[in-house]
Amino acid sequence: MKYRLFCIGFLFSACLCFAQEDSQNNSIKLKIPTVDGKSFIIKEVEFPSESSASSEENEVIDIKAEYWDNTVYNPYRNVVTEFPIELTFTDSTYSSPVSHPKVVTSRYGWRRGRPHKGIDIDLVTGDSVVSVLDGIVRFARYSRGHGKTVVVRHYNGLETTYAHLSHIAVKANDTVSKGQFLGKGGNTGRSRGSHLHLVTSYRGEYIHPDYLFNFDDTNSIRSQNIWVTRKWTRPSYHSSIRLSKLSLFETKEDALASLEKQRKVYVVRKGDTLSRISQRNRTSIASICRTNKIKRTSTLRIGQKLILEL
């Protein structure tokens, strides 16, 4: 009996002594002594290391590595972005920035002769505003025009802006979770009433929020892989009073192919006005004027050809 206990203790000690970790192969090797008949041999057994398995899964994305500025609202002013832009989401839903049903009072697009680069959601001053996704607070201070503002950079590079707040509850460099309290809604800055001005942007390019998020009670992200063309970063292509017709691109090939379909030749007919043409083709008057180098007051001629960017 004592001999058996001695052997078991010997084998256990030997296993511990011969254990080696292979840092290159992310594994642990055990040299186990065994008895084969009258011979004493050592077998090497390799086990995967749990701490080093799936290095990609444990990889931390450093979203603060580039253009991280806590004092400037848009640090990407001199950055040239290549289109189409690819955005990937790990979530299929986002957290509603407000706790009550979302009422959109103004959409992304051309509004009163100016570009409206976000979406306005109705609220009462003091209502809670939360982050739509996980991320890190890049900017939390007063901004000209936007009033008290919080900007959160998310792990896919997207930034969301929460403007016109009455109170800011976070500070720059804070890590926030999806649905975490950021502050209270309000009417600070250049605003005509209490509301949340929500902006979505990537490397300084303002993206139409409706292209990324569904603003109904499902709180769904439109796709986990989205390609953004220049059209969805230009307010002049859209109207703030209605939702633009969505053409979602989930592959780069689809996004590139769409670029050839965005230009249309329109021949002016009797009774046409810029307003009627823009409504019929779901484009803005500003876009028509800019593309054709005409003014809003220009007289249209029957048979005149206009280039429409759709």
Side-chain angles (χ1 to χ4, degrees), residues 51 54-81 85-99 117-121 123 125-191 194-207 209 212-213 219 221 224 226 228 233:
S51 61
S54 185
S55 59
E56 292 184 0
E57 292 180 4
N58 296 329
E59 183 181 358
V60 177
I61 301 174
D62 185 8
I63 57 175
K64 299 169 64 176
E66 294 184 328
Y67 301 97
W68 188 261
D69 194 324
N70 303 138
T71 62
V72 178
Y73 172 67
N74 180 12
Y76 296 104
R77 288 187 178 277
N78 298 319
V79 175
V80 177
T81 303
I85 300 169
E86 182 183 18
L87 283 175
T88 57
F89 295 88
T90 56
D91 293 324
S92 59
T93 61
Y94 67 93
S95 180
S96 174
V98 295
S99 59
K117 299 179 180 179
I119 191 170
D120 291 346
I121 300 174
L123 54 68
T125 296
D127 283 351
S128 295
V129 174
V130 304
S131 179
V132 297
L133 295 168
D134 297 344
I136 302 176
V137 177
R138 184 183 61 76
F139 184 91
R141 58 191 298 167
Y142 195 93
S143 175
R144 182 181 178 182
H146 283 156
K148 294 182 179 180
T149 304
V150 172
V151 178
V152 178
R153 184 177 294 180
H154 306 290
Y155 294 102
N156 61 354
L158 184 73
E159 288 193 341
T160 51
T161 297
Y162 310 80
H164 303 315
L165 303 178
S166 61
H167 170 70
I168 297 174
V170 292
K171 61 183 184 298
N173 301 312
D174 281 353
T175 299
V176 295
S177 301
K178 173 180 172 180
Q180 184 169 330
F181 179 63
L182 299 177
K184 296 180 179 180
N187 189 31
T188 58
R190 189 166 59 244
S191 171
S194 298
H195 68 279
L196 171 66
H197 180 63
L198 179 68
V199 178
T200 54
S201 62
Y202 179 82
R203 295 179 65 83
E205 295 288 346
Y206 299 99
I207 301 173
L212 307 178
F213 303 115
N219 295 337
I221 296 173
Q224 290 184 293
I226 300 177
V228 183
T233 64

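From a predicted model like this one, the values you see are computed outputs, not experimental measurements.
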- [ ] Give a yes or no on whether Lys64 atom NZ has more than 12 heavy-atom contacts from other residues, nucleotides or ligands under 6.0 Å away.
- [x]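 Yes, enclosed.
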Is it the case that more than 12 heavy atoms not belonging to Lys178 sit under 6.0 Å from its NZ atom?
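Counting other residues, nucleotides and ligands, NZ of Lys178 exceeds 12 neighbours.
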[X] side chain to [Y] backbone, donor-acceptor under 3.5 Å:
X      : Y      : result
Thr200 : Ile207 : yes
Asn156 : Phe89  : no
His154 : Glu159 : no
Ser131 : Gly179 : no
Gln224 : Thr90  : yes

Working to the nearest 0.5 Å, report the span between [atom1] of [X] and [atom2] of [Y].
X      : Y      : atom1 : atom2 : answer
Glu205 : Thr81  : CD    : OG1   : 4.5 Å
Ser191 : Leu196 : OG    : CG    : 10.5 Å
Ile136 : Asp62  : CD1   : CG    : 7.5 Å
Thr188 : His167 : OG1   : NE2   : 12.0 Å

- Side-chain H-bond candidate by donor/acceptor type, Thr161 with Tyr73, under 3.5 Å: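 There is such a pair (donor and acceptor under 3.5 Å, judged by atom type) between the side chains of Thr161 and Tyr73.
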With sequence neighbours excluded, residues passing ring-ring contact (aromatic ring centres under 6.0 Å, His included) with His195 =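 Listed in chain order: His164.
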What pairs with Tyr67 under ring-ring contact (aromatic ring centres under 6.0 Å, His included), at least two apart in sequence or on another chain?
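Scan of Tyr67 (ring-ring contact (aromatic ring centres under 6.0 Å, His included), adjacent residues dropped) gives Tyr76.
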For this session: Output, in order, the C-alpha distance, side-chain angles, deciding distance and verdict of side chain to side chain donor-acceptor pair (under 3.5 Å) for Asp69 and Thr71.
Result: CA-CA 6 Å; Asp69 194 324; Thr71 62; 2.7 Å; yes
Of all heavy-atom pairs between [X] and [Y], which one has the smallest distance, and what is that distance?
X      : Y      : answer
Thr125 : Ser194 : OG1-OG, 2.6 Å
Asn70  : Phe139 : O-CD1, 3.6 Å
Val79  : Arg203 : CG1-NH2, 3.4 Å
Ser143 : Thr149 : CB-OG1, 3.8 Å

Please examine the side chains of Val152 and Val170, heavy atoms only from C-beta on, and report whether any two atoms are closer than 4.5 Å.
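In short, these two side chains do not touch, never coming nearer than 4.5 Å.
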Quick one: are Val228 and Thr233 in side-chain contact, heavy atoms under 4.5 Å?
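Result yes, sub-4.5 Å side-chain heavy-atom pair found.
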